[in-house]
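These notes concern the structure reproduced below.
Because the structure is predicted, anything quoted here is derived from the model rather than measured. Letters A, B, ... are given to chains in the order of the sequence lines, protein chains preceding strands, and every chain is numbered from 1.
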Amino acid sequence: MEGEENLDYSTRYNPKEIEDKITAFWIERGYFFANPNPNKKPFCIVIPPPNITGILHMGHALNNTIQDTLIRSKRMQGYESLWLPGTDHAGIATQNVVEKQLAKEGLRKEDIGREEFTERLWEWTKKYGSTIIEQLKKLGASCDWRRLRFTMDEDYSKAVREVFVRLYNKGLIYRGKYIINWCPRCKTALSDEESIHKEIDGWLYYIRYPIIRAKEVKDLANDYIVVATTRPETMLGDTAIAVNPTDNRYKFLKDVKVILPIMNRELKVIEDELVDKEFGTGVVKVTPAHDPIDFILANKHNLEFINIMNDDGTLNENAGKFKGVDRFQARKEIIEVLEKDSLIEKKEPYWISVGHCYRCNTIVEPRLSLQWFVRMKPLAIPAIKVVEEGKIKFYPQRWEKVYLNWMYNIKDWCISRQIWWGHRLPVYYCKECYQEENSRERSKGVIVSVEEPKYCPDCGSKKILQDSDVLDTWFSSWLWPFATFYWPNPKRDLNYFYPTSVLVTASEILFFWVARMIMAGLEFTGNIPFSNVLIHGTVRDEKGTKMSKSLGNIIDPLEIIDKFGADALRFSLMFLASTGADVYLSDEKFLVGRNFANKIWNATRFIMNKLKDNDIKIEEDKVDITDEIDLWIIDSLNRTIEAVTVSLDSYRISEATKNIYDFFWHNFCDWYIEIAKLYLGSEKLKVLILCLINSLKLLHPFMPFITEKIYQDIKSYVTFLKDESISISLWPKKIVITADSDKFNFVEDLISSIEEIRNIKSDLGISATEKVKIFLNATENIRERFNYHKDWFMRLGGIREIDFVDNLEKVIISKNYFSLNIDFEHFDRDRLVKLLEKKLVNLRTLYEKVFNKLNNKEFLNNAPQEIVEREREKERYLSFQCKRLEKIKDVFK
RNA sequence: GGGCGGUUAGCUCAGUUGGUAUAGAGCGUUUCCCUUACAAGGAAGAGGUCACAGGUUCGAAUCCUGUACCGCCCACCA
């Protein structure tokens, strides 16, 4: 990379040819390797592992750019900066992908069996699993790629089993029959978080259940009780009806028999305060095996559980003649039958919130099923404490409340999945002595162990079967911050880098992942997994709709990289995404970054060409700066260094981009370079280089490619640059200058005078190219200082001639150090008077405001002295300005 | 039902502890300029009763209360 000179520096920055070479250079040199180093402080981020099925989308681009920006800036600031990469096996998602592939061959996974299917999954993983990793490299991610981890790596899997065993032995993992969320398409249990509630358009059906009074048997059609339900098909599994104990309307039910239509089963009548008198008819049908509340009721009141459904959502033999019918078809048919028998009282349109599988969007079925659970409350308590005590901080802070709210109400976590891709439960059953039970106690013949047991500890049998379920993917993800460091094996890397510094993620996985990592970290390492959580927004399209493949509104980051370059993508994202806010994107939004890269490119081109043309080499970075203009730009640079550093430290990344953008474009390019053009000796070039190099360094975390490219190329002219790569160079420090504010203020006066002159010329219709004569009044001393700047002042102000005068009758521009006037002799006087009048109106309004304030005794009594003084100053200034404008107006009238 | 946010220029958003002469930026827009680093550029403008109504305060975009609208999350909404 070094010495590679003279690539075509055309007027357009062309990222395409450059980026891949630079990526290869970085990786080859191992600049991003991080190792425990007692002389440095660690800074560490573990990547939120993307799914192996993933391809880079805008959300990844946003998430990873933030991380890379932080990692790169800390690396330059002298931290041992580790960004640990990896991927997630993504149980259901990956299985679905491979199943689809299989379907193309006309096969189902059952046809080839578990073993072969798992082999296929591994093949797929090897072939495609690192697609996204390569894409992250294109983005410029500075991960320590040697440390790439996968949630199904051998030792990672061991950590997962270890955790399972520890929790089991502590009594925090249990097996039991409960109502869980069941996806009939994926044919597996889901956790509550994996069941996404969405409102759908449905009906509330009022169904007549016949009753038989004990003493007199009446006409069935007219003697009934009405229940309301949104899921009529579940009635086939009803074993009771329930009313509120305080509901006097239904006291008579004690003395009657209630008959379930279609099944003609007698139902129990129970009373429970869970029943809402106001809803529907106040009578609720109870289906213990298919509804979570009914399940609770059934346990309280000893009801029978009747499972009417198969794992694919069709009804089973308990559904009588509806056996084999799909649940939604059954709903229709049941309604038809009931209508025929006049058992539907009415139906009302009803918005119902139902769970959807987060992987395939199928409507989730509540189903009674034997599953494994983690008791969460004991894990949550310390995890609540660390956040309440501020040991873990959220950015933006409001997420803390969301986190705590969820943690206070945490429920047990269903962790077993009936799929084949994932970590198999480290649970074994003895074929001889195990009997299925529904108990929180350990049952006989159940062995929970990290390694496969050789024989049953209860009966000694060698016939052992492993549980066929696998664990929820998040049961491995929650160990990510320490399992990636080979926990539980004692490793110095874990000691050094853990707790990690900050976790960067989207709000969507706050509960899935962030909260659980905090719990796991505290439980298994005794320490928090990270001290800061940075939560960024969601990427949306221009209209604010979430980007998704199915909606076809995605903007492919790889396409943006191809069109505008990775730097443009990165900078634009960081520029647009203020902390925590959603980002609305369209192709044009990336022009900010593209244009800025081009600006940097051209400013560099200018400076480099001047060095080349004059055959100048900059050999040292020490410059004795005395020129007022140089002091001014260096001071501005210093303030930018400070601002960018502070913004990054407080995770206001967007603000940091604005700090450097503003300095580079406006202060440096618009003013300093323009001024310097007149004085391009080695002194000015040194200052130009100083500003450029420091800007490049400040920009490097956001735009790593262009800054590296320029850094390498400029070395041949700037020989004090010793670092092999800008990515391992030192973060800018303020440049020590000796100057008081007098010098900066004087320059500010010059600059703002030019702005006013331009402004007035424009208002008077004087062309910008037409040069004017000005009169200037200043003390002898100031006049001398002014003369020093005369050349650039005249050039940028469009001034032909300056007359120094002792007395200015017609002052139009008044500054602290001098006042000046434009020679208006040849210009339109009416327009000038109008302009002056406009200005006067503004000034008078302001003056009045200040005047009123200063005549308010309360203000004088209560406001701090400095504020009052400031207002007094304002008043003096404004009254002076008003007077002088009036005077000049009179002169021209 | 519970919780958390938001409402500032045509659009997307900043605005940190209430006070710095006229509330900022990017995009868009109007006028002028191809002034040899950059037209992917430069110069100058227009555009805001800071959602509404009260309150606290010498002083409110900023703090408090209420209203309207929009959004997100959670929930045992049969």
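- When distances are taken from the side chain of A:Tyr350 to each of B:A75, B:A25, B:A78, the shortest belongs to B:A78.
- Both tests hold for A:Lys677 against A:Phe606: distance to the six-membered ring centre under 6.0 Å, angle to the ring axis within 45°.
- In this model, the phosphate group of B:G59 is not approached by any side-chain N or O of A:Asn862 to a distance below 4.0 Å at OP1 or OP2.
- To the nearest whole angstrom, the two C1' atoms, one in B:A51 and one in B:C33, are 41 Å apart.
- Using N1 to N3 plus N6-O4 or O6-N4 for Watson-Crick, or N1-O2 and O6-N3 for G-U wobble, each under 3.5 Å, B:C4 pairs with B:G71.
- One finds no side-chain N or O of A:Asn759 lying less than 4.0 angstrom from the OP1 or OP2 phosphate oxygen of B:A43.
- If you take atom C1' in B:G10 and the same atom in B:G47, they sit 8 Å apart, rounded to whole Å.
- The side chain of A:Trp665 contributes no N or O atom lying less than 4.0 Å from OP1 or OP2 of B:A25.
- For A:Lys677, a side-chain nitrogen or oxygen approaches OP1 or OP2 of B:A37 to under 4.0 Å.
- Counting atom types as modelled, A:Glu674 pairs a side-chain N or O with a base atom of B:A37 as donor and acceptor under 3.5 Å.
- Counting only N and O atoms by type, the side chains of A:Thr287 and A:Asp238 include a donor and acceptor under 3.5 Å apart.
- B:U12 is paired with B:A25 under the Watson-Crick or G-U wobble criterion, all donor-acceptor distances under 3.5 Å.
- OP1 or OP2 of B:G5 has at least one side-chain nitrogen or oxygen of A:Lys401 nearer than 4.0 Å.
- Of the candidate nucleotides B:A78, B:G19, B:A37, B:A78 has the atom nearest to the side chain of A:Lys285.
- Atom P of nucleotide B:G1 and atom CG of A:Asp276 are separated by 12 Å, given to the nearest angstrom.
- Pairing of B:G41, defined by two Watson-Crick or G-U wobble distances under 3.5 Å, is identified with B:C33.
- Remark: the separation of the P atoms in B:U17 and B:G6 is 14 Å, to the nearest Å.
- For B:C52, the paired nucleotide is B:G66, the pair qualifying as Watson-Crick or G-U wobble because both relevant distances are below 3.5 Å.
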Check against side chain to side chain contact (heavy atoms under 4.5 Å, CB included), A:Lys658 and A:Asp662: CA-CA 6 Å; A:Lys658 279 161 189 153; A:Asp662 216 47; 5.9 Å; no
